[in-house]
**Q** 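I have a structure here, written as structure tokens, and I will follow up with some questions on it.
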Amino acid sequence: MAKINFGGVEETVVTREEFPLEKAREVLKDETIAVIGYGVQGPSQAMNMRDNGVKVIIGQRMEGDDGWEKAVKDGWVGGETLFSIESACEKATIIMYLLSDAGQKVQWENIKKYLTKGKALYFSHGFSIVYKDQTGVIPPRDIDVILAAPKGSGLSVRRNFLEGRGINSSFAVFQDATGRAEDRVKAVGIAIGSGFLFPTTFEKEVLSDLTGERGVLMGAIAGIMEAQYNLLRSKGHSPSEAFNETVEEATQSLYPLIGENGMDWMFSNCSSTAQRGALDWRHKFRKAVEPVFKELYESVKNGTETKITLKANSDSNYSEKLREELKEIRESEMWQAGKQIRLLRPENKK
């Protein structure tokens, strides 16, 4: 693995140069990979592997359901590359367990009987393995248990692949029964279109992932945007002005620059007034949210967040409750303003 220096901290990563697609294909040439779960990550990882020349099949709960029809629209063929969960697991040498975390708990008894000696069980999240006391997911000892976790949504995994780029992924080996687990997971990680792979453990993956989703990636950003928008509106600013200063400028101008060149570069290429204010206020915001992040990390580590997730997602009324929560966001003034502003973008007026 290549050694990379991250600001004085040396890490090892796996790049496409040292583990090219040709090598991944060679490692996987005798494997049949079954993707179980065609929801968020499943479609993108499956289609990327298919496009990369890897033998992939799909396992779905029931012929004709929404997931089955979605797979058919994506080019999977019933009886050839699309099967029931049981048939796919029986045919597979690597089972990619990509159901929701709650779904993995529900389906585990059905899945584990197909985990015969020498197979590999693949995850893109450490949840079920790390919180086995809550999920009951305890793999047999004579199989490989591996993980490759793209650091992006399923939509981004596919979109970046089609654009010739890749989403970086972490990878881990929880159990190596065959002596080939590391090669298997690196090969799959490259085959799903990762930009590069960096090592982790199942535990570190789930702790960082759950913290990130609730924090900077989604929860914190949504909350901060709402707070600033509401403040500006309460002070008499128009919806258009409040939304542009809160969301539009961030997502359409500044965040892409941070992604391309880093925060320091973005600071150095804005007005001196913005630069000075941002540099000073970042410390106040960091100190304000540090206690919240500590509370969040502890809630993740002690299993509170996973208990909440499993309980909520197992509720028969969860979909209805979720629709109501998302409706509240969608119909809020801020995101209604956003809908109108997006329509005014030049690319949307053609």
Side-chain angles (χ1 to χ4, degrees), residues 1-4 11-37 41-42 44-57 89 92-99 104 111-112 114-130 132 137-152 154 157 161 166-209:
M1 293 191 286
K3 292 189 179 297
I4 308 293
E11 290 189 30
T12 55
V13 299
V14 179
T15 67
R16 293 178 180 180
E17 287 72 27
E18 62 182 306
F19 207 109
L21 181 58
E22 292 74 19
K23 183 175 180 179
R25 288 179 181 141
E26 178 64 24
V27 171
L28 299 173
K29 66 180 181 179
D30 297 322
E31 306 273 18
T32 298
I33 301 176
V35 175
I36 309 302
Q41 282 287 336
S44 295
Q45 293 194 33
M47 287 190 285
N48 290 359
M49 288 189 293
R50 181 178 63 185
D51 290 351
N52 274 332
V54 176
K55 186 177 180 181
V56 185
I57 60 176
C89 287
T93 57
I94 299 176
I95 296 174
M96 298 180 77
Y97 207 24
L98 299 180
L99 294 169
Q104 288 182 17
I111 295 293
K112 72 177 184 180
Y114 297 101
L115 292 170
T116 52
K117 183 178 181 180
K119 288 192 176 187
L121 179 61
Y122 167 103
F123 296 88
S124 280
H125 194 19
F127 189 112
S128 289
I129 292 292
V130 174
K132 61 183 183 297
V137 176
I138 302 174
R141 300 186 67 176
D142 56 358
I143 68 165
D144 294 341
V145 182
I146 56 180
L147 172 149
K151 298 297 111 178
V157 169
F161 176 83
I167 290 286
N168 302 328
S169 302
S170 60
F171 76 96
V173 174
F174 179 77
Q175 190 168 278
D176 183 6
T178 67
R180 298 185 293 115
E182 187 165 321
D183 274 350
R184 278 171 140 177
V185 71
K186 289 177 182 177
V188 174
I190 294 298
I192 64 174
S194 302
F196 70 82
L197 300 165
F198 60 94
T200 187
T201 65
F202 273 63
E203 182 178 26
K204 287 180 179 177
E205 189 283 329
V206 73
L207 293 179
S208 61
D209 190 70

**Q** Does any N or O in the side chain of Gln175 come within less than 3.5 Å of the main-chain N or O of Ala181, such that one atom is a donor and the other an acceptor?
**A**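 Pair absent, no side-chain N/O of Gln175 close to backbone of Ala181.
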
**Q** Is a side-chain donor or acceptor of Asp176 paired with a backbone partner of Glu182 at a separation under 3.5 angstrom?
**A** no

**Q** Would you name the heavy atoms of Ala172 and Thr200 that are closest together and state the gap between them?
**A**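 Here Ala172 and Thr200 meet closest at CB-O, 3.4 Å.
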
**Q** Measuring from Arg180:CZ to Ile146:CD1, what's the distance to the nearest 0.5 Å?
**A** 10.0 Å

**Q** Glu203 versus Ile129: any side-chain heavy-atom pair under 4.5 Å?
**A** no

**Q** Nearest 0.5 angstrom please: Phe196 CZ to Asn168 CG, how far?
**A** 4.0 Å

**Q** Taking it one step at a time, do Lys23 and Glu26 satisfy salt bridge (Lys or Arg N to Asp or Glu O under 4.0 Å)?
**A** CA-CA 5 Å; Lys23 183 175 180 179; Glu26 178 64 24; over 6 Å; no

**Q** I'd like to know if the side chain of Gln41 reaches the main chain of Leu98, judged simply by a donor and an acceptor atom lying under 3.5 Å from each other, with no hydrogens or angles considered.
**A**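 No; judged by distance alone, with no hydrogens or angles, the pair does not exist.
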
**Q** Answer with yes or no whether the side chains of Gln104 and Ser128 bring together a donor and an acceptor at under 3.5 Å.
**A**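 Yes, side-chain donor-acceptor contact under 3.5 Å.
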
**Q** Provide the closest heavy-atom pair for Lys186 versus Val14 in the form atom of the first, atom of the second, distance.
**A** CE-CG2, 3.9 Å

**Q** List the atom of Ile111, the atom of Cys89, and the distance in Å for their closest heavy-atom pair.
**A** CD1-SG, 3.5 Å

**Q** Between His125 and Asp209, is there a side-chain heavy-atom distance shorter than 4.5 Å?
**A**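 Counting from C-beta outward, Asp209 and His125 do come under 4.5 Å.
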
**Q** If I compare all heavy atoms of Val157 with all of Pro150, which pair ends up nearest, and what's the gap?
**A**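 Shortest heavy-atom contact: CG2-CB, 3.6 Å.
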
**Q** Side-chain contact, heavy-atom cut-off 4.5 Å: Leu115 with Tyr97?
**A**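 Leu115 does not reach Tyr97 side chain to side chain.
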
**Q** Can a donor-acceptor pair be found, under 3.5 Å and without considering hydrogens, that links the side chain of Ser169 to the backbone of Leu197?
**A**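 No: the side chain of Ser169 does not pair with the backbone of Leu197.
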
**Q** Check the pair Phe19 / Asp183 against side-chain contact (heavy atoms from CB on, under 4.5 Å), numbers first and verdict last.
**A** CA-CA 10 Å; Phe19 207 109; Asp183 274 350; 4.2 Å; yes

**Q** Please check if the side chain of Lys119 supplies one atom and the backbone of Ile95 the other of a donor-acceptor pair under 3.5 Å.
**A**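 No, Lys119 side chain to Ile95 backbone: no donor-acceptor pair under 3.5 Å.
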
**Q** Is there a donor-acceptor pair under 3.5 Å between the side chain of Arg16 and the backbone N or O of Ser194?
**A** yes

**Q** I want to check something: taking the side chain as every heavy atom from C-beta on, are Lys55 and Glu31 in contact at a cut-off of under 4.5 Å?
**A** no

**Q** Counting only N and O atoms by type, is there a donor-acceptor contact under 3.5 Å from the side chain of Tyr122 to the main-chain atoms of Ala148?
**A**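 Yes, Tyr122 side chain to Ala148 backbone: donor-acceptor pair under 3.5 Å.
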
**Q** Verify side-chain contact (heavy atoms from CB on, under 4.5 Å) between Asp30 and Thr93, making sure each step is shown before the conclusion.
**A** CA-CA 9 Å; Asp30 297 322; Thr93 57; over 6 Å; no

**Q** Working to the nearest 0.5 angstrom, can you tell me the gap between Leu147 CG and Phe127 CZ?
**A**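 So the gap between those two atoms works out to 14.0 Å.
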
**Q** Kindly compute the distance separating CG (Asn52) from CD1 (Ile190), expressed to the nearest 0.5 Å.
**A** 9.5 Å

**Q** Say whether, by atom type as modelled, one donor and one acceptor occur between the side chain of Asn48 and the main chain of Ile192 under 3.5 angstrom.
**A**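 Judged by distance alone, yes, a pair lies under 3.5 Å.
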
**Q** Can you see which heavy atom on Glu205 is nearest to which on Ser124, and at what distance?
**A**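 Residues Glu205 and Ser124, closest heavy atoms: OE2-O, 4.1 Å.
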
**Q** If you define the side chain from C-beta out and look only at heavy atoms, does anything of Met49 sit under 4.5 Å from Val188?
**A**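 Side-chain contact under 4.5 Å: yes.
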
**Q** Do Leu28 and Ile94 have side-chain heavy atoms sitting under 4.5 Å apart?
**A** yes

**Q** Atom CZ of Arg184 and atom CD1 of Ile33: how far apart are they, to the nearest 0.5 Å?
**A**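 Going from the CZ atom of Arg184 to the CD1 atom of Ile33 covers 9.5 Å.
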
**Q** Can you tell if the side chain of Phe123 reaches within under 4.5 Å of the side chain of Val206, non-hydrogen atoms only?
**A**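 Counting from C-beta outward, Phe123 and Val206 never come under 4.5 Å.
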
